[in-house]
Amino acid sequence: MGPGKGAGGQPQEEGLTRRSVLRGMGAGALATGAGGILTACSSGGKTSLTASSTSTINIGYIAPFTGSISGFASGDNFVIDTIRNTPAYAKGFKVGGKKYDVNIIVTDSQSDPNRASQIARRLILNNNVDLLLTADTPETVNPVAVVAQTEGVPCVATNDPWESWYSGLGGNPANPTAKFQYCTLFFFGLRQLIGSFIPMWKRMQSSSTNVACQWPNDSDGNAFRAVLPPVIKVAGFTPIDGGAYTDGTTDFTTMINKFKSNDCQYISNCPLPPDFNIFWKQANEQGWKPKLATVAKVLLFPDDLTTLGPLVNNIATDSWWGPYMPDSSSLVPNLTAKHLTDNFQAQTGKQWVQSIGGTYSLFEIAQQAFTSVSDPHDHQEVAQALHKVNYHGMSGHLDFSNGPAPGVFAIPVVGVQWKESSGKYPFEMRVVDNTLNPHVPVTDHLEPTNP
């Protein structure tokens, strides 16, 4: 696939379809697949006259509030309420010398890719959205981005490894030259993820350098399988692939036996949370206890810990945002990451979740883009502005013109472990490795998951 081309060879710098194309499509037609985005014809990126004649900017937000990956969106209602009460959103945006009210439409993908695609189409067709914002794993983000790019509606995404997002749109992460005109994303990539784990593996020496790879047969798992083995090998470790299992698997005995027979002392994975709960309990029952478990896509949030209880102690994972980050809001003066987590806990009575930082930043980016254009209803102009966004905010410094692929910014992560706590909450996320983000202080010692 050449530079600037999407699936089917259509130039991505051009608007791709008319609104009528979406009216005639079934949900499955726009779901992410191996072939990337649907190819269709178009002549423009400007929205309908109905939208462009209004004095309201409509923003559609799509996240998995329910379903298997709902933990990612568990703090989003708090964030949306917080954003709506910021001066910028409460008073409206000034664009091209005119004041516009801002309407945020919040929707639930139910952790279902087909539903995410349907909702994106509905927001475009029925709500005339000027911008789509979406978050939380390829199961939600990728189909929304596909619809946005196909229909020519600006879209910003987060909480989805950039390689999964990029390949879902039809790009090649190994040769990331294609620019998807209407889509941007900020999140880390797989190299950043494994780059936060490898330093911890090296510090935790064991009887073997074999790494158990629990990678499913889904968007994340296939991306991990394509990218990570050579990175793991170069670092001096040996990946042992447990096999491309189906999401929803309930018996991992064969996989666990393979990891046991190969004396795997580390783990790399990206399962759905319910699948990991079953896997980790079975591993413990069957006597496979790796010295250091480093997990992805699971145990990222406090609610994820409930099912496993003490089995989560000293499991390591990645953290892209938290109260330890030295970052502040671009919308509200002096609102730091620590203040945002404190406010979340005070208002909800729940332990903070790291996904609220990325969700907050989506709306910062929206404000940055809209206030830099002359017409907020001109999709092409807004999309161009998104690709030029460069600012400091709740997720640190974001610059869509300076990333691993066009329209992508890879945020740095730190290595953390869940530690037993004597405080209000049974476990706390503590920073144990800051190799990739030395601006974040280390707050605890790295310890073996299974001594």
Side-chain angles (χ1 to χ4, degrees), residues 1 4-7 12 16 30-38 60-64 69 72-73 109 111-113 116-117 119-120 131-151 153-194 215-216 218-228 270 296-297 300 318 320 355 358-359 361-362 365 383 386-387 389 395 398-411 413:
M1 185 179 296
K5 303 286 186 180
Q12 296 305 311
L16 289 180
L30 287 175
T32 301
I37 67 169
L38 176 84
Y61 180 63
I62 306 174
I69 52 176
F72 281 86
S109 72
S111 304
D112 180 345
S117 178
I119 291 172
L131 175 67
L132 286 171
L133 303 178
T134 185
D136 306 334
T137 81
E139 286 79 7
T140 290
V141 170
N142 288 11
V144 173
V146 166
V147 172
Q149 178 64 23
T150 304
E151 179 60 5
V153 175
C155 179
V156 190
T158 192
N159 293 356
D160 181 3
W162 77 261
E163 296 95 339
S164 295
W165 171 89
Y166 194 71
S167 60
L169 283 165
N172 178 8
N175 182 31
T177 56
K179 177 180 178 180
F180 299 100
Q181 179 181 355
Y182 294 97
C183 294
T184 55
L185 172 137
F186 68 97
F187 203 53
F188 57 81
L190 300 186
R191 291 179 182 274
Q192 288 79 33
L193 173 67
I194 204 69
W215 298 332
D218 61 17
S219 296
D220 271 337
N222 294 332
F224 275 53
R225 188 170 285 105
V227 174
L228 294 188
C270 54
K297 198 174 179 177
L300 295 170
D318 56 283
W320 60 90
S355 54
T359 302
S361 294
L362 286 174
I365 292 166
L386 286 175
H387 279 268
V389 164
S395 293
L398 302 181
D399 180 1
F400 287 129
S401 67
N402 184 27
V408 173
F409 187 79
I411 58 178
V413 296

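Because the structure is a prediction, the values reported are computed rather than measured. When reading the values below, keep in mind they use all heavy atoms of this one structure, side chains included, and skip hydrogens, waters and symmetry mates.
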- Query: What pairs with F186 under ring-ring contact (aromatic ring centres under 6.0 Å, His included), at least two apart in sequence or on another chain?
  - Reply: none

- Per the side-chain contact (heavy atoms from CB on, under 4.5 Å) rule, which among L185, L131, L132, T134 passes with V156? L131

- Query: So, do Y182 and C155 sit near enough that their side-chain heavy atoms are less than 4.5 Å apart?
  - Reply: no

- Query: What heavy-atom pair brings L398 and S395 nearest, and what distance separates the two atoms?
  - Reply: CD2-O, 4.0 Å

- With no hydrogens and no angle check, is any side-chain donor or acceptor of Q149 less than 3.5 Å from a backbone partner on V146? no

- Task: Dump the intermediate steps for side chain to side chain contact (heavy atoms under 4.5 Å, CB included) on V141 and V144, then the final yes or no.
- Result: CA-CA 5 Å; V141 170; V144 173; 6.0 Å; no

- Message: So which atom in W165 and which in C183 form the shortest heavy-atom distance, rounded to 0.1 Å?
- Response: CZ2-CB, 3.5 Å

- Item | For A63, all residues meeting side chain to side chain contact (heavy atoms under 4.5 Å, CB included), sequence neighbours excluded | Y61, F65, A73, D76, D136

- Message: Within the 4.5 Å heavy-atom criterion, are D160 and T137 side-chain neighbours or not?
- Response: no

- Task: Could you list the residues that satisfy salt bridge (charged side-chain N to carboxylate O under 4.0 Å, His left out) with R191, not counting sequence neighbours?
- Result: none

- Using side chain to side chain donor-acceptor pair (under 3.5 Å) as the criterion, list what pairs up with S111, not counting sequence neighbours. none

- Heavy-atom closest pair (T140 atom, S109 atom, distance to 0.1 Å) is OG1-OG, 2.7 Å

- Task: Can you see which heavy atom on L190 is nearest to which on A223, and at what distance?
- Result: CD1-O, 3.3 Å

- Message: With rounding to the nearest 0.5 angstrom, report the CG to OG1 distance, L133 to T158.
- Response: 10.5 Å

- Check whether any side-chain heavy atom of T150 sits under 4.5 Å from a side-chain heavy atom of V147, and report yes or no. no

- Message: Suppose we screen for side chain to side chain contact (heavy atoms under 4.5 Å, CB included). Which residues come up paired with P173, at least two apart in sequence or across chains?
- Response: W162, E163, Y166, S167

- Query: Passes side chain to side chain contact (heavy atoms under 4.5 Å, CB included), I365 versus F400? Steps please.
  - Reply: CA-CA 10 Å; I365 292 166; F400 287 129; 3.9 Å; yes

- Task: Kindly say whether S355 contributes a backbone atom to a donor-acceptor pair with the side chain of T359 at under 3.5 angstrom?
- Result: yes

- Query: CD1/I411 to CZ/F187 distance, rounded to the nearest 0.5 angstrom?
  - Reply: 6.0 Å

- Spacing of I194 atom CD1 and L228 atom CG [to the nearest 0.5 Å]: 5.0 Å

- For L169 and F180 the tightest heavy-atom approach is O-CE2, 3.3 Å

- Task: Mind listing the closest non-hydrogen atom pair of S219 and S164 along with its distance?
- Result: O-OG, 3.9 Å

- Message: Within this structure, what is the CD1-CD1 distance for the pair I119 and I62, rounded to the nearest 0.5 Å?
- Response: 6.0 Å

- Item | Partners meeting side chain to side chain contact (heavy atoms under 4.5 Å, CB included) with D218 (sequence neighbours left out) | E139, P216, D220, D247, K297

- Message: Closer than 3.5 angstrom, by distance alone: can the side chain of H387 be matched with the main-chain N or O of P406 as a donor-acceptor pair?
- Response: no

